[in-house]
Structures are given as structure tokens and as C-alpha cells.
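In the text below, chain A, chain B and the rest are named by the order of the sequence lines, each starting its count at 1. This one's a predicted model, so the numbers in the text were calculated from it and none came from an experiment.
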Protein chains: 2
Amino acid sequence: MNYPVFAVTVDLVVLTVRGDELCVLLVRRGCEPHLGEWALPGGFVLADEDLAAAARRELAEETGLAGPGGHLEQLASYGAPERDPRGRVVTVAYLALLPDLPVPKAGTDAAEAEWRPVGERRLAFDHDRILADGVERARSKLEYTPLATAFCPPEFTIAALRQVYEAVWGETIDPRNFHRKATTAPGFVSPTGDSTGGGPGRPAKLFRRGSATLLNPPILRRGGV
Amino acid sequence: MNYPVFAVTVDLVVLTVRGDELCVLLVRRGCEPHLGEWALPGGFVLADEDLAAAARRELAEETGLAGPGGHLEQLASYGAPERDPRGRVVTVAYLALLPDLPVPKAGTDAAEAEWRPVGERRLAFDHDRILADGVERARSKLEYTPLATAFCPPEFTIAALRQVYEAVWGETIDPRNFHRKATTAPGFVSPTGDSTGGGPGRPAKLFRRGSATLLNPPILRRGGV
DNA sequence: CCAATAGTGTCTCTAAGACAATATAAG
DNA sequence: CTTATATTGTCTTAGAGACACTATTGG
């Protein structure tokens, strides 16, 4: 059988919440094509490597860690004929959600890596589109799944969880209604028994992620979309 | 730059509703590997072809038509190293929803093609998994989008639309509550003014698909998942 | 005391689900 | 008439959103 030859890459949309902003991990490209431009981290799938394994490997290389509290899922694939000047390249994009981490170190292919607010885009290849798709996926999944906890450290307050929603959705949420919904949705969060202290105001109870994989009832955005 | 070489295919999960069952279009493979086994229709992406274009082409080749009332969207990609004995093959799966069509004709690569109820699976490659993912995507999308109309002809009754939901979800739905929800969700369906006749019972009004891309309020499954 | 943040309770309204009742056809 | 299907209406209850109110800290 005769068929065309492709290269396959994985590209990562790595999102985190820093302060009140949803940020994406970008790298400045250290080689052609698009040398010097900002792009999503990624790289070629190895000869005997599964797609998900390639994504985990790239994530570990770029961020230094894969595990505690994060989330990784396949997003979509992009394969327009002219998307890479080197030839026919199909990329499988993955979406990663991580808690706020120290500034990432540069990987092998990248001159530098940085957290940038999503929206300030002008990325190499078709990465603007991939990023937009990843952000929309994250926004949507916060409604129906407990994935917001992937943005939080192992123990967190309800206010911190709410700030995740506010940053990802870009809208303010009533703290009182949110508190009720987050604590009554079965399996969303479970109390540790400890509390925070230090700042002004009443100390907040700490929670861990619960065991649910789906939020019921969901926590819905205002607009619906 | 040095990198591994892949072949890229598209595979199609083509679903329709026949009677009260959700059915998938399967082909019997006419060449190695897995010769004679049932599989999802699909084929190699051509040298200068976009992924979506390849999916549309395969759909047209297998079903004889792409357009009136159907829906095509990317599902996911699958690239385990051993999934195809010919070598490293990544497949991009697409999900198509079509109205009930006459029996499809065989394509070039396929000895025969048939509608089979989903669930009777034992397919070649990793197509069982791909089919399961496609069915789950369809089930989920019926809740939040007006995609059920993609299974219907251009003009349909509320009862026909309800039977789509019942077939895809495998559960019965109260006709009276469904009628209210379908007709009051803005942009889901719009009346043509005509009615059906012929059978016993009160004639049913005919509807076309509306302009909405999202259902609000959604039409939810009993179980939630 | 006051300011600030956490958490609870109450009200109204939308919509889901159960199901009675009515409408319009064929036989 | 009876049977069958379509369509409307009514009731109860869950949950969303608005927002008053209480709780617990630091200064």
C-alpha cells in the first residue's frame, strides 16, 4: 500500500491560574521555523511512543513535574497541509491544567518559557486557534466536572476555588451562592478539618478534592456559553 | 531535524437512528490487515488534504452524500504504537450524524457496508474504543445542543425527534414533557405550518431545525451520565 | 469598637418530572 | 362509539440567583 508520509507532534495548552488571571505556558522558539516567536510547548512523537505518553513527557520536560493535582487530556488534532513549512505535520494537542507553579524552566527546544495571560496571543503556526480551543474546553469543563480543583494545590479554601472559576470564566461570582453550591455538590470537595489563619477576616476551612468525576448539579456560567 | 515517520488516517463513526435503535455504519475489510473483519469506514489522508476534508471525502465515498441534515465533527485521535501492524499509523476519528438513509453502497476498500446497532461490537484495530467514544460524544451532545435534528429529515415531528433521543440514550422519555421542552427551547425547532396525516391519532405538526447552536435550557438525561 | 472575610438562611423564579385533561384523527 | 396519538395544562419540588444576616478573625 502506498500512502503519504507525515510527522506527528504533540502540542500542549498548559493552563494555570495566577492571581486573577488564566495564564498559558508559552515558549520562545529556539529553532526554525518561526525562530524567536512565541508558541505552545510541544515536540515530535517518538518512534515507539503513545500519543498520551508523548504529551506527558513534554509536560514533564517543560514544567518539571506532571503529577500533584494536575490534569491532562487530549484536546484535538490539527493537520492543515500548510500549517508547518517543514512538510506535512499533524499535531495532536493536549490540554493540561495545573496549580500555580514557580516560573518554569526552559526546555531543550525552547530558549525561554513564560506564563502569559491567555488572550495576549499572536503565536506561531496555528497555535492561536489551538489555544482558543483549549481555553474554551477548560471553560466548558468547569461547569460539569470538578476539574477546577486541578488548578488548586492539594488543600484549598472555597474562596480559592471560586477565584479559579472567576479567572477562567472572566466573570465575578457571588461568594455566598458559590459556597453553597461547591459544598453541597456531592463529591466535589471534602473538608480537611483544618482552617487558614493569618490574614484579616474569619479563617476559612480547608478542603481537598472529592471523588466525583462529574458535578451534579453543575456550576453554570451566566451566559450559558 | 530528524523525526519518526507516520501514516495518518481518518476513521468515521457514522451514526443514524433506524427505528428505535442507534446504528453505526460498518464495513467489512477488503484488504489486509484484518481482512474480512468488520471495521469503521476510513482511509488514508492524502498528500495535500486537510483532515476535515479527508473526513468529508471518506463520508461521501461511503454513504454517497455529505450534506442534507447531517453533521460532521472531529472526535479524537488514536496513535498507540501497535494499533496497526503495517507500522506507525495515527488515526483522526470523526463523528458523523445522519438521517436514516437507504442501505449504503460499498466503497473502494470495503467488500460490503452495513448499518449495525451500536453495542454489537467486535471490530478490527482499536475501533471498539473509537466507536464507544463516538457514541458517548453523541449521547452527551444531545443534551446541550440541537444536534438531534441531524438524525432527522428536513421536516420532522416532535415525536420523531423524541424517538431520536430515546434511541440514542436507550431510555424512554415522557412525550408530554418532551414536547414542552423541545418547543419552548429557543431556536431548537421552528414550525413549518404543515401537519402529518395518514395514520391513526391526531395529526402532528411538522418542524424544521431552528437556528440555535446551543440548547437552553438543555434536555437532560435521567442519569446525568 | 471597625474592617474584612467566611459562612448561613430566606426569598423568588425557572424549569424538571409526574400525570390529568383535552384535541383530532382512523376504523 | 373506541383506539391511538398529539398537545396543553396543573401540581410539586429542586435548584439558581439575589441578598440579608450571622460568625470569626485582625487591628
Side-chain angles (χ1 to χ4, degrees), chain A residues 19-20 142-144 148 152 155-166 169 171-207 212 214-225, chain B residues 19-20 142-144 146 152 155-166 169 171-207 212 214-225:
Chain A
D20 59 353
L142 254 56
E143 297 191 302
Y144 302 103
C152 296
E155 302 200 350
F156 52 86
T157 64
I158 298 296
L161 189 62
R162 174 171 47 84
Q163 284 155 16
V164 166
Y165 275 89
E166 292 179 329
W169 287 347
E171 37 181 78
T172 60
I173 298 174
D174 184 289
R176 300 157 293 182
N177 290 333
F178 181 84
H179 191 283
R180 175 171 28 91
K181 291 200 272 191
T183 51
T184 58
F188 189 15
V189 297
S190 67
T192 68
D194 293 337
S195 297
T196 56
R202 173 173 173 176
K205 291 175 185 158
L206 286 169
F207 294 81
L214 233 59
L215 276 190
N216 198 289
I219 296 183
L220 298 172
R221 284 182 273 189
R222 278 249 164 57
V225 171
Chain B
D20 59 352
L142 254 54
E143 298 191 303
Y144 302 104
C152 296
E155 302 200 351
F156 51 87
T157 65
I158 298 296
L161 189 62
R162 174 170 48 84
Q163 284 155 15
V164 166
Y165 277 88
E166 293 180 328
W169 287 347
E171 38 181 77
T172 59
I173 299 173
D174 185 287
R176 300 159 293 183
N177 290 333
F178 180 84
H179 191 282
R180 174 172 28 91
K181 291 201 273 192
T183 51
T184 59
F188 189 14
V189 296
S190 66
T192 68
D194 294 336
S195 297
T196 56
R202 175 173 171 176
K205 290 174 187 160
L206 286 168
F207 293 82
L214 233 60
L215 275 190
N216 198 288
I219 296 183
L220 298 172
R221 282 182 274 188
R222 278 251 164 57
V225 170

**Item:** Bounds of contact between DNA chain C and chain A, in 5' to 3' order, using a heavy-atom cut-off under 4.0 Å
**Value:**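 Contact span on the strand: C:dA4 to C:dT8.
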**Request:** Rounded to the nearest 0.5 Å, what's the gap from CG on A:Leu220 to NZ on A:Lys181? Could you check?
**Result:**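 Here the interatomic distance stands at 6.5 Å.
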**Prompt:** Quick one: OG1 on B:Thr172 to CG on B:Asp20, what's the gap to the nearest 0.5 Å?
**Reply:**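 B:Thr172 atom OG1 to B:Asp20 atom CG measures 12.0 Å (nearest 0.5 Å).
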**Whole-Å distance separating the CZ atom of B:Phe156 from the P atom of D:dA6** =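 Between P of D:dA6 and CZ of B:Phe156: 14 Å.
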**Item:** Whole-Å gap separating P (D:dA16) and NE2 (A:His179)
**Value:**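 Between P of D:dA16 and NE2 of A:His179: 16 Å.
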**Request:** Decide side chain to side chain contact (heavy atoms under 4.5 Å, CB included) for B:Thr196 and B:Leu206; before the verdict, give the C-alpha distance in whole Å, the side-chain angles of both, and the deciding distance to 0.1 Å.
**Result:** CA-CA 7 Å; B:Thr196 56; B:Leu206 286 168; 3.7 Å; yes
How about [X] and [Y]: do any of their side-chain heavy atoms sit closer than 4.5 Å?
X: B:Tyr144; Y: B:Asn216; result: no
X: B:Gln163; Y: B:Phe156; result: no
X: A:Phe207; Y: A:Leu161; result: no

**Asked** So B:Phe188 and B:Tyr165, would you call those rings parallel, tilted or perpendicular, with 30° and 60° as cut-offs?
**Response**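 Plane angle over 60°, so perpendicular.
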**Prompt:** If the sugar-phosphate is the primed atoms plus P, OP1 and OP2 and the base is the rest, what is the B/S/- string for nucleotides 17-27 of chain D, using protein heavy atoms under 4.0 Å?
**Reply:** BBBB--BBBS-
**Request:** Could you list all the salt bridge (charged side-chain N to carboxylate O under 4.0 Å, His left out) pairs where at least one residue sits in residues 186-207 of chain A, not counting sequence neighbours?
**Result:**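 For residues 186-207 of chain A, and leaving out neighbouring residues, there are no salt bridge (charged side-chain N to carboxylate O under 4.0 Å, His left out) pairs at all.
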**Prompt:** Closer to the 5' end of DNA chain C via nearest nucleotide, is it A:Thr183 or B:Pro218?
**Reply:**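 Its nucleotide being nearer the 5' end, the pick is A:Thr183.
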